[in-house]
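In what follows, every heavy atom counts, from backbone to side chain, and hydrogens, waters and symmetry copies are set aside. Letters A, B, ... mirror the listed sequences (proteins, then strands); counts begin at 1.
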Amino acid sequence: MTDSKATLKASSKASSKVQGSTQNKLPPKENFSEWYHELLMTAEIIDNRYPVKGMCVWFPFGFAIRKNVYGIIRELLDPDHQETQFPLMIPENEFMKEAQHIKGFEDEVYWVTCGGTTPLDVKLALRPTSETAIYPMFKLWIRSHADLPLRIYQIVNTFRYETKHTRPLIRLREITSFKEAHTVHATWEEAAAQVEVAIQRYSEFYRRLAIPFLVSRRPSWDKFPGADYTTAIDVIMPDGRTLQVGTAHHLGSTFARTYEITYEAENGEQKLVNQTCYGISERCIAALISVHGDERGLVLPWVVAPTQVVIVPILLGDKEKVIDVCRHLQQKLAAAQFRVQLDTSDERPGAKFYRWEMKGVPIRLEVGPRDIEKGVVTMARRDGVKIALPIDGLERSLIVQAEELQAAIYNKARLFAENKVKEASSIAEAREMTKFGVALVPWCGEEDCGHQLEDQVEANLLGEPQYQSFTEAACAVCGAKTAKRTYMARQY
RNA sequence: GGGGCCAUAGGGUAGCCUGGUAUCCUACAGGACUGGGGGUCCUGUGACCGGCGUUCAAAUCGCCGUGGCCCCA
């Protein structure tokens, strides 16, 4: 009796102490929604307090991450794409031309109907995506086979009046960072090859972010409105739901017909062009944050971290000397092209550690009298590794550490993702699996069976995995023999 | 599309049932001692989502709006 009381008292005392020292700790990641919202705010990525539903403000720190992330996209596209910029507003007559396309978007369009107090003769749509802004211009730009292929992209904001509840970076009414590429080709086959190129570039992009992903061909009822087919990239989020983080659409000649985009072939014949478009939005940053982050905050890959190395001085003894050594170190690392910061703020070292961990800084260097005496710095990596490194040749050893960190966070993410994808041979199994992850289900490919799957499993069909082959199995609905599979998941 | 919960300093909360003086932690500003994992003390700053209604009196009760979260289709 007395014992248990004493234990209780001791533990409650301990827990209150823990509470006192961990006030800014995030909720557990298992509670993903709460964790996600708090992290966005505490790590200063997105301020969700802007008073319009579905429209958020980028904190400067979040925007710095965005700049680095989109820098990679530019780097990957720039060799054979040209960056451009089209207007935000699209006249109603152009917007309404392509019937299939309108059907997909008309409930989500914001309309500008007045200029000041004067009603407009022609309403203006805020782009939900830019096909109908860009393709009338393509008609003017493209005259001959020599103009093809044409590949452009723009990184712009788009507007969609979402009726489901919005989520920062994931479901927005203003998408602030929509990278949309649009390409034009002579033949259907060339366009199909371009879709493959797009998927390869996106794959490389997510590899650099150390994010594992799934590639699948969307079922016909879930393709982009007006497309021949859609290939998509999905990321498995911590709660097992999937987030579509990239799409590539083969548009065939659908828009070419509507917007009369033709070219003169070598033989003088006027032919319709074939087109593709492919996009990535700030959802890639939602994935980045969610896949790698932990209860201490962000974990950023080296390539996108606004601060790659932070130096925390341990001010004991000869403080002047410690600061001096830190400054030299900072200069040395800056000269070696590291994004390095020296934290001289008036806080305890521990408080600084927590702060920079929340910001996801890959490498922290602690420099105190003990280190200086030995000619080392104490290096703490964001994945928990903590060792002493000699100041001599530090630049090189930090690069090694950065590579190891990249490998470590990728492996952690890959293990998680692999554990979330399981084969299911029946509807019942698929239904169980999609509660916490992704099911790989035999599907004959018939639309009827697909709809039944979605209804009965109570999850969405992501589509047929690409670049994989499977053994024959029975379609989970009709039982027909098939070598096809589909991913199924609950989607964001 | 349907249903439920909620809105209080920069952030997190208590109070609301039973109407009256707004509590605590954190943050921020100034000062002192400190400093190898969220320090201590002193002083100070700062809030009831918006509108309408009921009332002598509304954070609290009612209606409408706006916004957030969750569940189901």
Side-chain angles (χ1 to χ4, degrees), chain A residues 14-27 30-57 59-61 107-108 161-174 239 241 294-297 310-323 325-326 343-359 361 364-374 376-382 384-389 431 434-435 451-452 454-460 490-492:
Chain A
S15 77
S16 74
K17 195 178 175 188
V18 168
Q19 266 184 8
S21 63
T22 57
Q23 278 120 0
N24 294 330
K25 201 174 175 183
L26 297 167
E30 290 79 60
N31 192 351
F32 175 64
S33 189
E34 210 181 310
W35 174 87
Y36 178 73
H37 282 271
E38 289 219 9
L39 176 60
L40 287 180
M41 195 69 183
T42 312
E44 296 184 303
I45 297 163
I46 288 288
D47 196 330
N48 195 23
R49 291 171 300 178
Y50 189 76
V52 178
K53 181 182 168 69
M55 300 190 185
C56 301
V57 178
F59 279 113
F61 179 74
D107 291 340
E108 296 184 358
Y161 185 76
E162 293 286 353
T163 51
K164 291 183 180 184
H165 81 267
T166 53
R167 256 195 193 83
L169 299 178
I170 291 176
R171 176 163 278 120
L172 296 160
R173 287 188 172 175
E174 180 185 8
D239 60 356
R241 293 165 77 174
D294 61 23
E295 270 146 53
R296 289 192 167 180
V310 63
I311 303 168
V312 177
I314 308 299
L315 297 173
L316 286 168
D318 189 348
K319 297 180 181 181
E320 290 297 317
K321 173 142 191 231
V322 172
I323 285 287
V325 170
C326 287
D343 187 348
T344 54
S345 66
D346 188 23
E347 274 179 312
R348 311 270 293 207
K352 294 180 186 178
F353 298 167
Y354 281 100
R355 191 175 303 283
W356 289 107
E357 278 165 2
M358 180 59 69
K359 292 287 183 77
V361 173
R364 176 181 78 235
L365 301 178
E366 301 168 22
V367 180
R370 282 196 323 238
D371 304 291
I372 293 172
E373 203 178 310
K374 293 183 210 153
V376 300
V377 296
T378 302
M379 192 257 359
R381 236 161 60 181
R382 186 58 180 80
V385 173
K386 189 165 175 174
I387 52 171
L389 293 175
R431 185 206 279 264
T434 51
K435 282 178 186 161
H451 288 310
Q452 283 195 49
E454 289 193 327
D455 285 350
Q456 294 177 31
V457 175
E458 295 178 333
N460 295 110
R490 292 171 306 129
Q491 285 178 294
Y492 269 101

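Within 4.0 Å of A:G317, counting heavy atoms only, lies no atom of the nucleic acid at all. Across all strands shown, A:E357 has heavy atoms under 4.0 Å from base atoms, whether or not it also approaches the sugar-phosphate. Looking at heavy-atom distances under 4.0 Å, A:R167 makes contact with sugar-phosphate atoms alone, never a base. Residue A:D346 is classed as a base contact, given a heavy-atom separation below 4.0 Å to a base. Among the heavy atoms of the strands lying under 4.0 Å from A:K386 is at least one base atom, whether or not backbone atoms are also near. Among the atoms of the strands shown, none is found under 4.0 Å from any heavy atom of A:E34. A:P51 comes within 4.0 angstrom of nothing in the nucleic acid, heavy atoms only.
In this structure B:G67 sits in a base pair with B:C6, meeting the Watson-Crick or G-U test at under 3.5 Å. When both distances must be under 3.5 Å, the Watson-Crick or G-U wobble mate of B:U13 does not exist. Pairing for B:U21 is absent, with no Watson-Crick or G-U wobble pair whose two atom distances lie under 3.5 Å. The base-pairing partner of B:A57, taking Watson-Crick or G-U wobble contacts with both distances under 3.5 Å, does not exist among the strands shown. The pairing partner recorded for B:U45 is B:A27, the criterion being a Watson-Crick or G-U wobble arrangement whose two distances lie under 3.5 angstrom. In this structure, B:G1 and B:C72 make a Watson-Crick or G-U wobble pair, each of the two defining distances being under 3.5 angstrom. With a cut-off of 3.5 Å on both Watson-Crick or G-U wobble distances, the partner of B:C33 is given as B:G39.
At a cut-off of 3.5 angstrom, the base of B:G36 holds at least one donor-acceptor pair with the side chain of A:D371. On a pure distance criterion of 3.5 Å, no polar donor-acceptor pair joins the side chain of A:R348 and the base of B:G36.
Two residues, A:E366 and A:T163, neighbour RNA chain B, and the one matched to the more 5' nucleotide by heavy-atom proximity is A:T163.
Residue A:H165 has no polar side-chain atom (N or O) positioned under 4.0 Å from OP1 or OP2 of B:C69. Residue A:R370 places none of its side-chain N or O atoms closer than 4.0 Å to OP1 or OP2 of B:G36. Phosphate contact (OP1/OP2 of B:G38, side-chain N/O of A:K352, threshold under 4.0 Å): absent. Applying the 4.0 Å criterion to OP1 and OP2 of B:C69, one finds that A:H37 has a side-chain N or O inside that range. The shortest distance between the side-chain N/O atoms of A:T378 and the OP1/OP2 oxygens of B:G36 is not below 4.0 Å.
Salt-bridge formation is not detected for the pair A:D239/A:R490: no Lys NZ or Arg NE/NH1/NH2 atom is positioned less than 4.0 Å from an Asp or Glu carboxylate oxygen. The pair A:D47-A:R49 meets the salt-bridge criterion, with a side-chain N (NZ, NE, NH1 or NH2) lying under 4.0 Å from an Asp/Glu carboxylate O. A salt bridge does not link A:K53 to A:E162: none of the charged side-chain nitrogens sits closer than 4.0 Å to a carboxylate oxygen.
Lacking a ring centre under 5.5 Å from that of the base six-membered ring together with a plane angle below 30°, A:F353 does not count as stacked on B:G37.
Taking the side chain of A:E458 as heavy atoms from C-beta on, and the options B:G37, B:G67, B:A73, the nearest nucleotide is B:A73.
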Check the interface with nucleotides 4-11 of chain B: list each N/O to N/O pair with the protein under 3.5 Å, or write none.
unit_1, atom_1, unit_2, atom_2, d
B:G10, O3', A:R49, NH1, 2.7
B:G10, O2', A:R49, NH1, 3.3
B:G11, OP1, A:R49, NH1, 3.3

